[in-house]
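See structure below.
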Amino acid sequence: MNKNKVRMRNGITYGIVVGCWILVQIMDQTGHMTSLLKGILVPLCMYSILAISLNLTVGILGELSLGHAGFMCVGAFAGAFFTKCMENTFPNLQLRFFLAILIGAAVAGVCGILIGIPVLRLKGDYLAIVTLAFGEIIKNLINVMYIGLDKSGFHFSIKDTMSLGMDETGVVIIKGAQGITGTPKASTFFIAVLLLLLTLFIVLNLINSRTGRAIMSIRDNRIAAESIGINITKYKLMAFSISAALAGVAGVLYAHNLSTLAATPKNFGYNMSIIILVFVVLGGLGNIRGSMIAAVVLTLLPELLRGLNDYRMLIYAIVLIVMMLFNSSPKAIEIRSVFIERIKKKKEAAAKEAA
C-alpha cells in the first residue's frame, strides 16, 4: 500500500475520533447527553486504548496474550500510588496526573519487558496460559500488600495495617484488598480522547514503519523472517512492551476515574482480559480501527439497552455473533471484497469522465 493511501486511512481513523468528540460536545451543549452516557465516556476511551494496544500483540505480532488486564492493573496502581504520594509535593492535580500517566506507562512497560523475555519463547496456548497467570499473580499480590508513608519513609507489610509500624503522622496508601481510596478524579473525556489519539498515533506509525513490517513478517513466517536477519526476540519484545505500556496508560485513566481503586476479579481479572480480547477479535485481527469501533459499540450497547432488561443480553449476544460472522466468515469477506471492488471501479470511471 502506498504512502498516500496509508495517510488517508490513518486520517479517517483520527477523523472518526475527533468527529465523535465533536458530536459529544454538541449533544452536551444541547442537553441531549444523559448522566448515564456522561459516566461511560471515559471508559469508552479506556477500552478503546486497551483494544488497540492488545491488537498490537495479537493482531500485528500474532501472539495470543491473556495478561492485558494485569498490565492495566500495574499501570492503574502505579499511577494512583504516585498521585497519592505526591499530593503535597505537587499540589497541581493536572501535573500529578500527567506524571502519573508517564509512570504508569513506564512501570507497565518494564513489566512487559521482564515478563516478555522468558514468556515470548513460548507459543500459542502456552503463551496464553503464562500471561493469564501473570495477570492473576499481579492481582493477588496487590490484594495482600499494605504500604504506608510517614516522616521516615515507606513501610511495607503483607499482614495488615497495624504491622506497618508507622508514627502518628503516617498515612496508609495501599490497604490490601481495599486498594487505594481517595484517588482524585482527574480523568476527563477530553484527556481520554487525547490519550486515545496518542495511542492511535503510536500504533499506526509503528505498524507502517520498517519496525512494524519486521513485526508482521515474524507473524507471517518466523523462519523466513529469521533467515533474512530479522532479530526475532528484539521485535517481539518491542511490540509486547509497547502494548503493555499502552495498557498501563489505560489503567491510569481508569484509576483516576474512580474514587476507590481495588484489584477485584471484575476490574482486573480473567474476564477483563477476555473482554479486551473479544474487542480485538470482533474488530478484526490487525484492524486497529475495527478494534476501536468494536470496543465502543460493545461497551455502549449494554448501557443503551438497560431499558430492555429481559432482552438486553440476548440482543448483545446476537450483535456479537453478527459481528463475528461479518469479520470472519469467508462468504462475508468475499462479499465485502466484491463491494469494495465495485466502488473502486465506479471511482475510476468517474475520474476518467472528469478527465
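- In this model, a donor atom of one side chain and an acceptor atom of the other lie less than 3.5 Å apart for H256 and T83.
- Here the side chain of N205 pairs a donor or acceptor atom with the backbone of F201 at under 3.5 angstrom.
- Taking each heavy atom of I207 and I288 in turn, the nearest pair found is CD1-CG1, 3.6 Å.
- Centroid-to-centroid, the aromatic rings of F268 and Y254 come within less than 6.0 Å.
- Judged by distance alone, the side chain of R289 and the main-chain N or O of N10 form no donor-acceptor pair under 3.5 Å.
- Contact check for V17 versus M292: side-chain heavy atoms found under the 4.5 Å cut-off.
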Task: Criterion side-chain hydrogen bond (donor to acceptor under 3.5 Å, both in side chains) on N267 and T264, from CA distance to verdict - done: CA-CA 5 Å; N267 296 340; T264 61; 3.1 Å; yes

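- The side-chain heavy atoms of I218 and I230, taken from C-beta on, include a pair separated by under 4.5 Å.
- Ring-centre distance between F279 and Y47: below the 6.0 Å cut-off.
- Hydrophobic clustering keeps I137 apart from V119 (ILVMFWY residues linked when any side-chain heavy atoms are closer than 4.5 Å, directly or through intermediates).
- More than 12 heavy atoms of other residues, nucleotides or ligands sit less than 6.0 Å from atom CG of L194.
- For the pair L200/T13, a side-chain contact is recorded, criterion being any heavy-atom separation below 4.5 Å from C-beta on.
- A continuous path of hydrophobic side-chain contacts links L198 to L206 [ILVMFWY only; heavy atoms under 4.5 Å].
- The shortest heavy-atom contact between I173 and C85 is CD1-SG, 3.2 Å.
- Closest heavy-atom contact between K139 and A263: CG-O, 3.4 Å.
- At a threshold of 4.5 Å between non-hydrogen side-chain atoms, the residues M216 and I60 count as touching.
- Atom CD1 of I223 is surrounded by 12 or fewer heavy atoms from other residues, nucleotides or ligands within 6.0 Å.
- Atom CD of E136 has more than 12 heavy atoms from other residues, nucleotides or ligands within 6.0 Å.
- T199 contributes no side-chain N or O that, together with a main-chain N or O of I49, makes up a donor-acceptor pair within less than 3.5 Å.
- Hydrophobic clustering (ILVMFWY, side-chain heavy atoms < 4.5 Å, transitive): L141 and M272 are in distinct clusters.
- There is no path of hydrophobic side-chain contacts, each under 4.5 Å, that joins V171 to F156.
- The shortest side-chain heavy-atom distance between I191 and F97 falls under the 4.5 Å cut-off.
- Counting heavy atoms of neighbouring residues, nucleotides and ligands inside a 6.0 Å radius, atom CZ of F189 exceeds 12 of them.
- Note: F240 and Y235 fail the aromatic proximity criterion, with ring centroids not under 6.0 Å apart.
- Distance alone, capped at 3.5 Å, is enough to place a donor-acceptor pair between the N55 side chain and the G286 backbone.
- N271 places none of its side-chain heavy atoms less than 4.5 Å from the side chain of P265.
- Dense packing is recorded around OH of Y14, with more than 12 heavy atoms of other residues, nucleotides or ligands lying under 6.0 Å away.
- No donor-acceptor pair closer than 3.5 Å links the side chain of R96 to the backbone N or O of F82.
- Considering only heavy atoms from C-beta on, L132 stays 4.5 Å or farther from S273 through its side chain.
- A donor-acceptor pair shorter than 3.5 Å can be found between the side chains of T181 and K175.
- Between H155 and I147, the closest side-chain pair of non-hydrogen atoms is not below 4.5 Å.
- V110 and I115 fall into different hydrophobic clusters, defined by Ile, Leu, Val, Met, Phe, Trp and Tyr side-chain heavy atoms under 4.5 Å apart, directly or through other members.
- Shown here for N231 and K234, the closest heavy-atom pair between the two residues is OD1-N, 3.1 Å.
- Between atom CD1 of residue I113 and atom OG of residue S241 there is a gap of 4.5 Å, rounded to the nearest 0.5 Å.
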